[in-house]
Amino acid sequence: MSRLRAHLFVAGFLIAPVALYVVFVISPYIQAFQIALTDWRGVAASPNYVGFENFLTMFGDEVFWAALRHHGVLLVALPVLTIGISLFFAFLLNLGGGQRGGSMTGVWGSKVYRVVFFFPQVLAVAVVGVLFQAVYRPDDSGVVNGVLIRLGIEPVGWLTEPSIAFWAIIAVMVWQAVGFYVVLFSAGMAAIPRDVFEAAALDGAGRFRLFFSITLPLLWDTLQVGWVYLGIAAFDGFALVQVLSVDRGGPDNSTTVLPLEIWKTAFSYSDFGYASAMGVALFFLTITFAALTLRVSRRERIEL
């Protein structure tokens with residue numbers, strides 16, 4: 001009887017959050033799956049069901065495949081660049097100063113650097129986009145081109161050249177994300193006992209060996225989480241592409257991503273059925289990536 005009361009007591013606290021989750025998270029997903037099977041234009045009270053016609057149209061849509069290729073590039077470039085740069089800075093901030101007073105320390109001023117690195121994370125994505133509009137201006141008023149012109153180099157159309165526009169936006173994504181992962185990896189490194197590093201240093205291990213033989217294996221769970229988060233972020237990119245790109249995904253669809261195409265299809269062309277079909281595809285792509293990443297990167301936990 002007492003166990004039943006305990007279960008009822010716990011269930012009483014769970015009813016409200018579970019109900020809110022079902023109403024505001026699960027229900028919209030189900031509605032999106034339903035709308036994807038219709039030709040709803042956003043105004044009809046009873047949309048016509050067209051089966052899988054939207055999905056067949058999507059698979060023959062070149063813009064959809066262009067966006068999907070861009071997500072493929074993001075899935076590789078964003079995690080690799082962000083994690084690589086973040087690990088480098090986090091290692092310097094925690095262990096880059098070598099041994100001082102018999103203990104491993106970070107570089108001088110590491111606490112100040114943590115704040116500086118994290119600063120882009122507190123800025124709204126739209127603010128970051130507007131900031132880099134000024135950085136990437138095609139004339140001498142742009143930060144980058146202003147420097148190039150003063151060096152006698154021809155200015156570059158960072159956001160107007162199809163071959164480099166998407167990479168310019170990826171650079172902004174990496175710049176914004178690095179600060180958060182520097183702090184995340186720094187916290188993971190701080191949890192590793194300093195005795196491990198000090199013992200390895202006394203045995204003659206250099207910083208290269210400390211990083212690859214001790215830091216990375218003991219930081220694996222944190223790296224796995226970071227990779228999943230960045231992979232999910234690679235399926236987004238809406239705000240930065242919306243603000244920075246020419247004609248919202250241009251030039252010539254060279255920067256478009258699926259969330260932007262979903263938004264344009266729904267709110268510019270009023271084709272909510274087709275937009276929902278692309279949303280369903282994006283949902284399954286994200287879930288599949290997260291599951292595969294967790295499966296492939298699974299390994300035994302190293303206990304200290």
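Heads up: numbering here begins at 1 and tracks the sequence.
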Can you tell me if H70 uses its side chain to pair, donor with acceptor, with the backbone of V257 under 3.5 Å?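 It does not hold such a pair.
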Report yes or no: do [X] and [Y] belong to one cluster of Ile/Leu/Val/Met/Phe/Trp/Tyr joined by side chain heavy-atom distances under 4.5 Å?
X    : Y    : value
Y269 : L282 : no
L184 : I85  : yes
I169 : W263 : yes
L68  : F59  : yes
V172 : F119 : yes

**Study point:** Steps toward side chain to side chain contact (heavy atoms under 4.5 Å, CB included) verdict (Q176, L123)
**Key:** CA-CA 9 Å; Q176 188 194 23; L123 298 175; 5.8 Å; no
Specify the closest pair of heavy atoms between [X] and [Y], including all atoms of both residues, with the distance to one decimal.
X    : Y    : answer
L223 : I83  : CD2-CG2, 3.8 Å
V130 : V243 : N-CG1, 3.8 Å
Y136 : A168 : OH-O, 2.9 Å

Working note: L219 + L87, criterion side chain to side chain contact (heavy atoms under 4.5 Å, CB included); need CA distance, chi angles, decisive distance, verdict. CA-CA 10 Å; L219 205 64; L87 278 174; 3.7 Å; yes
How many angstroms lie between atom [atom1] of [X] and atom [atom2] of [Y], to the nearest 0.5 angstrom?
X    : Y    : atom1 : atom2 : result
F64  : M58  : CZ    : CE    : 4.5 Å
L159 : R137 : CG    : CZ    : 11.5 Å
I35  : N54  : CD1   : CG    : 11.0 Å
F180 : F185 : CZ    : CZ    : 9.0 Å

Residues 148-166 vs salt bridge (charged side-chain N to carboxylate O under 4.0 Å, His left out), sequence neighbours excluded, gives none
By the salt bridge (charged side-chain N to carboxylate O under 4.0 Å, His left out) test, which pairs, at least two apart or in different chains, include something from residues 250-265?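 Non-adjacent pairs meeting salt bridge (charged side-chain N to carboxylate O under 4.0 Å, His left out): E261-K264.
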Just do the side chain to side chain contact (heavy atoms under 4.5 Å, CB included) check on H71 and L258 with the steps written out, would you? CA-CA 8 Å; H71 285 299; L258 275 178; 3.4 Å; yes
Are there over 12 heavy-atom neighbours, none belonging to [X], within less than 6.0 Å of that residue's [atom1]?
X    : atom1 : value
D247 : CG    : no
Y229 : OH    : no
F88  : CZ    : no

Applied to residues 16-36, the side chain to side chain donor-acceptor pair (under 3.5 Å) test, sequence neighbours excluded, yields Q34-Y49
Item to complete: Verify the distance criterion only: is there a donor paired with an acceptor across the side chains of N145 and W158 at less than 3.5 Å?
Response: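 Result is yes, a qualifying pair exists.
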### Message
Taking ring-ring contact (aromatic ring centres under 6.0 Å, His included) as the definition, give me every residue that meets it alongside Y274, ordered by chain and number, with sequence neighbours left out.
### Response
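Residues passing ring-ring contact (aromatic ring centres under 6.0 Å, His included) with Y274: none at all.
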**OP:** Report the residues that fulfil salt bridge (charged side-chain N to carboxylate O under 4.0 Å, His left out) with E62, sequence neighbours left out, ordered by chain and then residue number.
**Re:**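 Expected list: R69.
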Which residues pass the salt bridge (charged side-chain N to carboxylate O under 4.0 Å, His left out) test with R248, sequence neighbours left out?
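If we apply the salt bridge (charged side-chain N to carboxylate O under 4.0 Å, His left out) test to R248, skipping adjacent residues, there are no hits.
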Worked verdict on L74 versus M173 for side chain to side chain contact (heavy atoms under 4.5 Å, CB included): CA-CA 10 Å; L74 277 172; M173 293 180 179; 3.6 Å; yes
